[in-house]
Amino acid sequence: MGPLVGLLLGVGLLRAAAAGCGYESCPATKPDMLNVHLIPHTHNDVGWLKTVDQYFYGARNNIQHAGVQYILDSVIPQLLADPTKRFIYVEVAFFYRWWRLQMNPMQQAVRQLVSEGRLEFINGGWCMNDEAATHYNAMIDQMTLGLRFLQETFGECGRPRAAWHIDPFGHSREQASLFAQMGFDGFFFGRLDYQDKANREQLQEMEQIWRASASLQPPGADLFTGVLPNGYNPPLSLCWDQFCSDSPIVDDVSDENNVDSLVAYFLGTAAAQAKHYRTKHVVMTMGSDFQYENANLWYKNMDKLIKHVNAQQLNGSQVHVLYSTPTCYLWELFKANLSWSLKYDDFFPYADGPHQFWTGYFTSRPAFKRYERLSNNFLQVCNQLEALAGPVARTGPYGEGDSAVLRRAMAVAQHHDAVSGTEKQHVANDYAKRLAAGWDACQVLVSNALASISGNKENFIYCNYLNISVCPLTESAGTFMVILYNPLGRRVSWNVRLPVKGASYSVTDPNGQMVPNEVVPVSNFTRAVRRGRGDATHELIFPALAPPLGYGTYTISKTANRDLRSRLATWIREQAQPRVDTWSPREFQNEHLRVLFDPVTGLLREIQNLDKSISLPVSQSFFWYKASTGDDDSAQASGAYIFRPNHSEPLPVARRARTYLVKNKLVQEVYQNFSSWCSQVVRLYAGQAYVELEWTVGPIPVDDGLGKEIISRFETSLQTDGRFYTDSNGREILERRRDYRATWNLSQTEAVAGNYYPVNSRIYIKNKKFQLTVLTDRSQGGSSVADGSVELMVHRRLLYDDNRGVGEPLLEPGVYHDGLVVRGRHLVFLDTVESSADRHRLQAQQEFMAPQLVLAPGGGPSFHRGQRSLKQFSALKQELPPSVHLLTLAQWDPSSVLIRLEHQFERGESANCSQPVTVDLLHLFSSFTITSLQEMNLVANQKRDAMNRLSWRPATGAARRQAYPPLNPLGVTLQPMEIRTFLATIQYTGPSGGQAEL
């Protein structure tokens, strides 16, 4: 420790007052004056223009001068030297790294600062997550990760009281609901639509209560919410960072002395700001992106500002300035004892000008958006198997397994410049690299766990390119095993597709029974995408069943069937010959649906629900919007953030598709070729109650100098009255109305982009009787720009930057540097309005928590001598009801696990599934015995019965306090949309995690 640091530590510790943390640490204010709360802060993107490492270490300053470690190095001595100073920090991903580099004296000094509320953590997530492209499962996980570190490092004083999303580009209702359930007393954000802000300023509604759930009983999802006055920047002329050019305060005898003018300016600014707020308290955010590398500049000038402004009180000024935090500002608002208006909708879409709608990022970087969703799926599998197998999962025959690598990578990926797709290309590559490293570490863990539970040490293989029909094992082996692990708490059926080279196979289930299967040729679409990365000629298809929270093992063997092989070879040769009308499609059907096609265009024409005798004309095709490069109305171009089409009407990729049909007992598929870069398979499996559309788009051609934004559009005859419906982060559904905002009179200036909303998992339209629902496999932008239509943007490739800071066009080179190719799926349901939720809720859950395929050649030795092999396993004693989702099962510490149970239906959307449901949690699991149970808040950093959030008074009705019934482990009751979180101390029932044979 150097002498300067030692001196600062000593001075700081001597002068510190044991004032406590949280609200107890708040400085005194003056009730009869306007109190201006200065909030010193820095906003540290967890990747954007530079990678996470580059930002932390201060590398690549030729891109952006920013080094997070130096910010913390600089701020801490300032706080230690003066107990009146405050600082807030947000991004735990960075603080965690900095903390681990500090010696014990510095750590102790920081603990002292935190315990006195002088260094305060706000928000507390691993990152400040995006709110449009994120799924609630990953949002909860990343917040839990950051808040757990703070709790374990700093105790109760490390628990943030306020949520702080100053930079995300619009705000979701589900985010507010989750924050409320995490125990936050309030929420502050920076960005909202420019028209919305002007209206709120005029009405003094910059602060209100957000009622963020239509299902949860108030105040369970109520959250006090405030809009910051200047985004997250300081007022004009009051920025004193090394990156700023504003004049410092000069109070010496000098020609440069500017105290009088600056104080007058500040008083005017404070008075103007106060006109938009209702109390005698206003806030000023004193900081911005990566500021405070030289904290002395900021604090020296703020000290002078406070001194000279407060000195004017002797001359009659009614303004009092103080160092403060969001927590202390929130406390003063609460003490004002006002009633506050209620907000019920969300803050999407966000625009910062008439032609600047930030709705492009809902789709930007679609491949990474899918990879992030798949990574969440695999992380939950990894978490579950770690908890079920116990210590052997982390240290076993395949090496050291570690779920933390993927957990942290997923947490970083939730950042508002990560999954959003608004980062530079090399940063996007780094995010993907981090996820890949997490997959590698989790694959070791999953292999250890599966070997332990199944009793066999197989050569487990993970084929991550099955979506392009590549898997060396299945292509080359005559016999192999498929282990289908199901992370859901209910049994599921799944259609397995594997790349093979043979023409005939036998498949047996875990009980040795033969399973029907079919072999179909690999399509030319897929051959074009994989470009030599595999050479499978066929795909093997078979239906599989997986037990709840468990696996089933299927054995596949190649068989000889020369006649079939000959027929298939002939068929493949025929399909290789190009022709416009290989098959004039009419229809195909299974026991639930009939799908009709136009015989001339080859496009989807009609869907019939045979169970309900519903018929609906539905046409579907691909179109593209020409990306604006600026026009007479505005120079704004379409870019990574902003969607701005040149015209309201998109152009068709093609008016007709070349088609052919594949049909057998298990699946019927119409292959549609729209162009050299756009194709689709319309698929209907036996027993399937939805139509699957597997689309492949890219490389999007830009040789013509035009950026293009590609949509899949569905057009129907439904009379929808300008209304459509989208999910909020994968949970509750919000009604959208075209050219309408619920809280102000919208002046619509962009007919398409101004009606786009984030679609995390589903979008639907309906009339009084029927509903058409489309499920997505990743976050996308979507809308209904005309009655009866639904469109989803699947890909975009742009030639210009949109001037929002990223500094490069969204070109995405792809693997072969000629443009990104994206493949995905849309699932289409047609049903009655009252029955639709039963369909789309369960299927959406199955999509984001899909079964995990693990392959092996078979024949591996026993895990333990004499251990019996288990071909089928479930960790549950009984299946969970359809409305209940096991959201989380994860190791918490060596003797306990974290469990979250979720009611996944909204109130009133299903006659059967929207009812309260009760689960015997104590006797649910077969792999371990629960010996004690503690109910926690959503992020497990407070006991549920100890949560005591501030009780805000709404304008209508009285303030309410949340009532928590006593825990009954034998009967845990879940209300619609309720998530209940538990820490369970467990004892394993067997030496390797316990096995329950079916």
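Below, all heavy atoms of this structure are taken into account, side chains as well, without hydrogens, waters or symmetry copies.
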Between L223 and the options Q175, R949, M182, the side chain to side chain contact (heavy atoms under 4.5 Å, CB included) test singles out R949
Can you establish whether the number of heavy atoms outside K300 located under 6.0 Å from its atom NZ is more than 12? no
When the ring planes of F94 and F56 are compared, do they come out parallel, tilted or perpendicular, using 30° and 60° as the limits? parallel
Once the angle between the rings of W298 and Y292 is folded into 0 to 90°, is it parallel (under 30°), tilted (30 to 60°) or perpendicular (over 60°)? parallel
Name the orientation class of the two ring planes belonging to F188 and W164 (parallel below 30°, tilted from 30 to 60°, perpendicular beyond 60°). perpendicular
Ion pair E24/R161, N-O distance below 4.0 Å: no
Can you classify the ring geometry of F169 versus H416 as parallel (below 30°), tilted (30 to 60°) or perpendicular (above 60°)? perpendicular
Would you please indicate if the ring centroids of F334 and F224 are separated by under 6.0 Å? no
Is the distance between the ring centroids of W48 and F290 under 6.0 Å? no
Can you tell me how the ring of Y371 sits relative to the ring of F368, calling it parallel under 30°, perpendicular over 60° and tilted otherwise? perpendicular
Candidate list W331, Y23, W952, test side-chain hydrogen bond (donor to acceptor under 3.5 Å, both in side chains), partner D185, passing option: Y23
Assess whether atom CD of Q987 is packed by more than 12 heavy atoms of other residues, nucleotides or ligands within 6.0 Å. no
Any carboxylate oxygen within less than 4.0 angstrom of a Lys/Arg side-chain nitrogen, looking at K85 and D82? yes
Verdict with supporting geometry, V282 and H37, side-chain contact (heavy atoms from CB on, under 4.5 Å): CA-CA 6 Å; V282 293; H37 295 249; over 6 Å; no
For F179 and F184, I'd like to know if the aromatic rings sit close, meaning centre-to-centre distance below 6.0 Å. yes
Heavy-atom side-chain contact between P326 and I39 under 4.5 Å: yes
Applying side chain to side chain donor-acceptor pair (under 3.5 Å), run through D303 and Y323 and close with a yes or a no. CA-CA 9 Å; D303 283 345; Y323 284 119; 2.7 Å; yes
Can you tell whether the side chains of R394 and D402 come within less than 4.0 Å, N to carboxylate O? no
Between Y329 and H281, is the ring centroid distance below 6.0 Å? no
Answer with yes or no whether the side chains of D167 and H43 bring together a donor and an acceptor at under 3.5 Å. yes
Are R407 and W126 in a cation-pi contact, defined as NZ or CZ under 6.0 Å from the six-membered ring centre and within 45° of the axis? no
For D440, all residues meeting side-chain contact (heavy atoms from CB on, under 4.5 Å), sequence neighbours excluded: Q443
What residues form a salt bridge (charged side-chain N to carboxylate O under 4.0 Å, His left out) with R944, not counting sequence neighbours? E935, E978
Pairing residues for R97 by the salt bridge (charged side-chain N to carboxylate O under 4.0 Å, His left out) criterion, not counting sequence neighbours: D53
